[in-house]
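As the structure lists them, so they are numbered: ligands from 1, and atoms in each ligand from 1. Quick caveat, the model's predicted, so the values are computed rather than measured.
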Amino acid sequence: MTTAVHPLDKDDPLAHKRAAFHIPANTIYLDGNSLGLMAPSVHERVNQALRHEWGDDVITSWNKHGWIDLPVTVGNKIGRLIGAPEGRTICCDSTSINLFKVLCAALQINQGRQEILSTEDNFPTDLYMVQGIEQLLGERCTLRLVSEDSLLQSINENTAAVLVTEVNFRTGRRLPMAHLSERARKLGALTIVDLAHSAGALPVHLEANDIDFAVGCTYKYFNAGPGAPAFLYVAKRHLDAQTQPLQPLYGWLGHAAPFAFAVDYAPAQGIRQFLTGTPPVLSLVAVDAALDLFADVSMHDVRNKSIGLANYWLECMDKHHLLAEMPSISPAHAEERGSQLAFQHEQAYAICQALIADGVIADFRAPEYLRIGFAPLYNSYAEVESAVQRLAKIMQEKRYLNPKFQQRNQVT
Ligand SMILES: *Cc1c(COP(=O)(O)O)cnc(C)c1O
C-alpha cells in the first residue's frame with residue numbers, strides 16, 4: 001500500500017467529504033448509483049430517533065419531533081438540490097409508487113390525450129407502472145416506446161406526457177432536459193422526469209427547465225439507506241390550478257384535514273396531497289440526516305468531480321489497453337453522461353464477480369454490461385487507479401473464467 005496522496009485527490013475540493021462516510025474495510029465502492037454508502041452521522045441520527053424519539057417520547061414525537069412534517073421538510077431539502085422552490089417536493093413512498101401518482105395526474109390534467117411516450121430502454125419499473133395504468137384505464141392510456149434518439153420528434157398531439165429518465169441506468173447517457181421540455185410544451189405534452197441517476201450526482205434545474213413532474217430515489221446518490229423513501233416534484237402551476245384531487249391514491253395523510261377523520265376525501269392544498277399513508281419515520285430520518293452531507297457542497301463541484309473520476313477511469317483503462325476488449329457503451333462526451341460508465345463484455349457478470357472478490361464493488365446489468373458508478377462525495381482518484389489496475393489483472397489472467405464467478409446470484 002502506498003500512503004502518498006494521489007495528485008488528483010490533492011486538488012479535489014470535495015476530498016474532505018470522504019471522511020464523513022463509513023468506507024467498508026478493504027473495499028473500493030463503485031456502486032453508489034445503486035446504494036450509496038452509510039455515513040456515521042446518519043447512523044447516529046437514526047439511533048437517536050430510535051432511542052429518544054420512539055423509545056422515550058413514543059407517540060408524542062409526531063408533534064414534538066416533527067415526524068408528521070418530515071415528508072415536507074425533507075422534501076424541501078431535496079428540492080434545494082434539484083432546482084425546486086419550497087413546497088413543490090415531497091419525500092414519500094417508492095419511486096415506483098410516485099410514478100403511478102404523477103402518471104395519473106398527468107393523464108388527468110391532459111385529458112383527451114391518451115399517450116404516454118417513453119424510451120424503449122427506460123428503467124423497467126417506469127414502463128411497468130404505465131402498463132399497469134393501461135390495464136386499469138383501458139383506452140384512456142397507451143404506452144408508446146421509441147428510441148432515445150427519436151424521442152423529441154415522436155411527441156405529437158396525442159401525447160399526454162413524456163416519461164423519461166434523465167440518465168439511462170444502463171448506458172449512463174444523459175438526455176437534454178431543457179430541449180425535451182421546450183419541445184413537449186410546444187406540442188402540449190407534459191413532462192415527467194425520473195431523476196434516479198441524477199439527484200445528488202449532477203445539477204438539476206426542474207423549475208428553470210419548466211418540468212411538470214419529477215420523481216427519484218434517495219438511496220442512490222443521496223446515501224439515505226436501503227429502501228429509503230423516494231421523492232416527487234410537481235410544478236407550481238399544477239398545484240395552484242387544482243380543482244380536484246391530482247392523484248388517485250387517496251390516503252388519509254393526503255387529506256386536507258387528516259385528523260378530522262371525515263368520511264369523504266378532500267385533498268390537502270399543495271404538495272401534501274401527494275401523500276398517501278403514514279411515513280416510514282426511521283427511513284425519513286435517515287434521508288434527512290444524509291442530505292445534510294450536501295449542505296456545504298456545490299452541485300457544480302459534484303458534477304466536475306464526477307466527470308473527473310469518469311474521465312480518469314477511461315484514461316486508466318486506455319493505459320491498460322482494456323477498451324478494445326471491453327468497449328464503453330456510454331457516450332464519449334462527458335456532458336452527455338451522468339455519473340456512471342458501462343462496458344460491454346460477454347463475461348461481464350463473471351468479471352464483476354471477480355472484481356467484487358478482489359475488493360472492488362461494481363455492478364452488472366443484463367445482458368452484458370459492467371457498470372461503474374462514481375459517487376463524487378466519497379470516491380477518490382486513487383480508488384479509480386487501483387480499481388482499474390485490478391480489473392486489468394483480472395482480464396489478463398482471465399480470472400473471470402473460474403466457475404465460482406459464473407454462478408448467478410438472485411440480486412445482480
Ligand atoms: C433505481 C431506479 C428506480 C427504482 O424504483 P423503486 O421504486 O425505488 O424500486 C426507478 N427508476 C429508475 C430509473 C431507477 O434507476
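Within 4.0 Å of ligand 1, contacts by protein heavy atoms are made from Ser94, Thr95, Ser96, Phe123, Thr125, Asp126, Thr165, Asp194, Ala196, His197, Cys217, Tyr219, Lys220.
In the model, Ser181 has no side-chain atom that pairs as donor or acceptor with a side-chain atom of Asp210 under 3.5 Å. Under the 3.5 Å distance criterion, with hydrogens and angles disregarded, a donor-acceptor pair is assigned to the side chains of Arg390 and Ser386.
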- ring pair (Phe, Tyr, Trp, His ring centres under 6.0 Å) between Phe222 and Phe294, worked out: CA-CA 8 Å; Phe222 281 149; Phe294 282 86; 5.4 Å; yes
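Proximity of the aromatic rings of Phe169 and His197 is defined here by a centroid distance below 6.0 angstrom, and this criterion is not met.
Formation of a donor-acceptor pair under 3.5 Å by the Asp9 side chain with backbone atoms of Ala382 is found in this model.
Geometric assessment of Lys220 against the ring of Phe123 yields a positive cation-pi assignment under the 6.0 Å and 45° thresholds.
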